[in-house]
Structure formats: structure tokens, C-alpha cells
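All remarks here apply to the structure that follows.
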2 protein chains.
Amino acid sequence: METAWEEQLRSAGLRVTRPRLAVLDVLVGHPHVDADTIATAARAVHPSISPQAVYGVLKALVGSGLARRIEPAGGPALYELRVGDNHHHLVCRECGLVADVDCVVGAAPCLAPSDAAGFAVDEAEVVFWGLCADCQVARRQHGYGTGTTSSSIREGVRA
Amino acid sequence: METAWEEQLRSAGLRVTRPRLAVLDVLVGHPHVDADTIATAARAVHPSISPQAVYGVLKALVGSGLARRIEPAGGPALYELRVGDNHHHLVCRECGLVADVDCVVGAAPCLAPSDAAGFAVDEAEVVFWGLCADCQVARRQHGYGTGTTSSSIREGVRA
DNA sequence: CCGCTTGATTTGACTGGCTCAAGAAAACGG
DNA sequence: CCGTTTTCTTGAGCCAGTCAAATCAAGCGG
């Protein structure tokens, strides 16, 4: 399974390099990560990788369809390897946790707004905002309604 | 209709000020604008308004429910006055034009992902990406497929 | 296995969108 | 008209991300 990525890269017309394999490795372990977290984690595998290299790698991966970029409002972009199924996302307002959701409607779902207003729609992006299970519990414990943006926000690395 | 905003502001617990009225005025004329465009346009009414004042006003308006903020991926945040109906948006990849779409499903639509994964969902945000009518025509005229990000992107002020 | 060509990465400077903080100004109740 | 409180102005600063030049490595041909 390790060299599978090499073939993926090659068939996408990309060279196989340590930084790219390191980034892919991080992406496998963390379904939704921001560029900075990727850089930090990738250094465990390839210590000398620079932040800009990560941006470069991610751009290459997204450009060739190996990765997908999502940009939840109010935070840095996140990257994921699950591509080609146009699934959607649940985002926790409190901790930034992101989970995948398969779309309810079908294979290429949601591509039919009620009135397209002359637009040629090619993608529908759906984000469900709410509170993840953990944060619901946390609210119930230390008094809720503070509205404080938890310091642990922007993690979004788990699950 | 002019002093209607004054009441709206007051009943939201906000003071009525020139900058706020100026911003509201711009918002009425331009359904989907970014902060910078608002600042420029608002100066026609209130010349001394500063960019930061615009951010402050917008934060107040959004916080009190008079305006809504949307953040299309890859661009600055846009603001609109249409609130309370959780409608969605069509965004043109080429020129950034934004149009409203009423949701197909019902009153509080889309709030039911197939599997909520333990999340308490309170909002569904839907963005349809595509090409607006004008940009479809433009593509057909000067050879298409360039993929060039038009310089006029980030306008999104019209319609 | 070696060197060459091209593509990738490093390094460093820089931008745009936005926020924070302190002081001056204006709103509005009395 | 005055005082209190909110809001605006002014100015500094932050973060995610981009751009460009120079170095370095991948993978091809020999």
C-alpha cells in the first residue's frame, strides 16, 4: 500500500518526492487538516520540509485531483484525500471538528437549485454547521451560552 | 423607507449613526458586496468613513441579525441584507457574481444530513459553483478553456 | 552507473483581508 | 445643555497564503 501513492502521483504526471509522500502520509492519518498542521506532522517523516513546500505540494495534489480543498468560513483551508464523490461536511462551531456526510439525494446531488438564474452549475458545496457530540457535552457541563470561541478551535484535525 | 433603518437599528439595541446608515444604504443597492467595496461606495454618502469603521458596522449588523455574512471560498467575505430565510447562493467561478437561490426543500431546508454523526446541526450552508450567463457567453467567444482567472474576479457586486 | 534536463523545493520577501487597542467624537437619556 | 456610553478614527499588527529567484533532486538518456 505504500508505493500505491507513487503510482498515483506518477499517473497524475507528478514526480515522486519525499515531501509529497510525507504530505500524503499525513493526509491518510488525518482526514481534514490545515496546511500548517500538515507541515508540522510531515516533519516527523521529512524534517526539512518547509511551509511553502507544503503549499506547493497541496496545490499540486488538488490540481491533479488527488486531494480536495475545503474552506470552512472563518478558518484556514482544510485538505482531504476523499475525492470524486462530492460528499459534504459537518463542521463544529466550537472546536472546528469536521466530519464527512454522504449526500442524501444521490450520485451527483444537489446540482439542481430551484432556479439556476442562468448559471451553469457544476458543483454544489454543502456545509452543515453545528456542535459535535463532544462540544454538546462540554456545553452542558461548564455553563453554556458563553458564546466564547474556544481556544481549541481551528484544530479540526481529528476524525 | 429611509427612516425604517433607524427603527431597525434602534430595536436591535444599536445607535443610529451616519456610518451605519451609509453602509445599510450601500447594502440595499448591492445585494452581495465585500467590505472594501462597501467602504468605497459608502464614502459617496459619508466621505470620512474608515475601512475599520465598515468592519465594525458590519460586525454589529451581522451580530444583531440585520445582515448576513457569506464567505465564498477563495475570496473576501460578502454581506447581504436578506436574512432569516436561510437561502443559498450561486457563485460564478469566473467573475465572482453571486445570485440568491431559494432552497428547494422547504422552510428550514437541508438541515437533515443523511448521517449527522452526533452533530447538533443548526444551519446548512449551500454554495452552487458554476458560470454565470455572461461568463458562459464570454467563454464561447474568446476561445474557452484558458482557465484564466479573469481580472474582474472578486467583483461580485452586481445583481 | 553518470550526467543532463526539467520539475520541485528552499529561502525570503510580500500581499490582502481582517483584528486589536487607544483615544477622539458623536449619540441620546436626562 | 451635560454626562455617560457607544461608536468611530487612527494606527499597529496578525495570519493564511502567494510570488519570485536560486538551489536541489527526480528520472531520463546514454
Side-chain angles (χ1 to χ4, degrees), chain A residues 3 5-24 33-40 42-43 45-64 66 69-79 96 149 151 153-156, chain B residues 3 5-24 33-40 42-43 45-64 66 69-79 96 149 151 153-156:
Chain A
T3 64
W5 288 121
E6 302 196 10
E7 289 181 31
Q8 292 255 277
L9 286 169
R10 255 183 269 271
S11 64
L14 299 172
R15 288 184 181 175
V16 176
T17 67
R18 304 258 265 111
R20 284 175 180 168
L21 293 174
V23 168
L24 285 168
V33 245
D34 61 280
D36 190 62
T37 305
I38 293 173
T40 305
R43 273 187 212 105
V45 179
H46 183 180
S48 74
I49 196 171
S50 68
Q52 288 75 349
V54 173
Y55 284 115
V57 169
L58 290 171
K59 188 181 280 188
L61 294 179
V62 171
S64 61
L66 291 181
R69 174 188 182 133
I70 60 175
E71 300 185 39
L78 305 178
Y79 297 85
T149 296
S151 64
I153 208 172
R154 300 289 105 240
E155 275 267 335
Chain B
T3 64
W5 288 121
E6 302 195 10
E7 290 181 31
Q8 292 256 277
L9 286 169
R10 254 184 267 273
S11 64
L14 297 172
R15 290 184 177 174
V16 176
T17 67
R18 305 255 271 106
R20 283 175 181 168
L21 293 174
V23 168
L24 284 168
V33 245
D34 61 280
D36 189 61
T37 305
I38 293 173
T40 305
R43 273 186 213 105
V45 179
H46 182 180
S48 75
I49 195 171
S50 67
Q52 288 75 349
V54 173
Y55 284 114
V57 169
L58 290 171
K59 188 181 282 189
L61 294 180
V62 171
S64 60
L66 291 181
R69 174 189 180 130
I70 61 175
E71 300 186 41
L78 304 179
Y79 297 85
T149 296
S151 63
I153 208 172
R154 299 291 104 238
E155 274 267 336

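Labels below follow one simple rule: chain letters A, B, ... track the order of the sequence lines, proteins then strands, and each chain is numbered from 1.
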| field | Out of C:dT9, C:dC18, C:dT19, whichever nucleotide has its closest atom nearest the side chain of A:Arg20 | value | C:dT9
| note | By nearest-nucleotide position on DNA chain D, the 5'-leaning member of B:Gly13 and A:Glu71 is B:Gly13
| field | Heavy-atom side-chain proximity of A:Leu14 to A:Ser64 below 4.5 angstrom | value | yes
| remark: Taken to the nearest whole Å, CZ/B:Arg69 to C1'/C:dG17 is 9 Å
| request: Using a 4.0 Å heavy-atom cut-off across all strands, classify A:Ala77 as base, sugar-phosphate, or nothing. | output: sugar-phosphate
| Could you give the start and end, 5' to 3', of the contact zone on DNA chain D for chain A, using atoms under 4.0 Å from its heavy atoms? | D:dA16 to D:dG27
| Beyond-backbone contact of A:Thr17 with A:Val57, side-chain heavy atoms, under 4.5 angstrom | no
| task | Could you tell me whether the side chain of A:Arg20 and the main chain of A:Arg15 form a donor-acceptor pair under 3.5 Å? | result | yes
| query | Rounded to whole angstroms, how far apart are CD1 on B:Ile49 and P on C:dA25? | reply | 17 Å
| remark: Here the pair of heavy atoms bringing B:Ala77 nearest to B:Glu71 is CB-CG, 3.9 Å
| field | Closest heavy-atom pair and its distance - B:Leu78, B:Asp34 | value | CD2-N, 3.5 Å
| task | Please state how far atom OH in A:Tyr55 lies from atom P in C:dT10, giving the value in whole angstrom units. | result | 15 Å
| request: For A:Ile49 and A:Pro19, work out which heavy atoms get closest and say how close. | output: CD1-CB, 3.7 Å
Can you give me the N/O atom pairs linking the protein to nucleotides 26-30 of chain C at distances under 3.5 Å, or say none if there are none?
from: C:dA27; atom 1: N3; to: B:Arg15; atom 2: NH1; distance (Å): 3.1
from: C:dC28; atom 1: OP1; to: B:Arg10; atom 2: NH1; distance (Å): 3.1
from: C:dC28; atom 1: OP1; to: B:Val16; atom 2: N; distance (Å): 3.0

| note | Between CD of A:Gln52 and C1' of C:dT15 the distance, given in whole Å, is 14 Å
| query | Of all heavy-atom pairs between B:Tyr55 and B:Ala35, which one has the smallest distance, and what is that distance? | reply | CE2-CB, 3.6 Å
| said: With a 3.5 Å distance limit and no angle check, can you tell me whether A:Thr3 reaches the backbone of A:Glu6 through a side-chain donor-acceptor pair? | reply: no
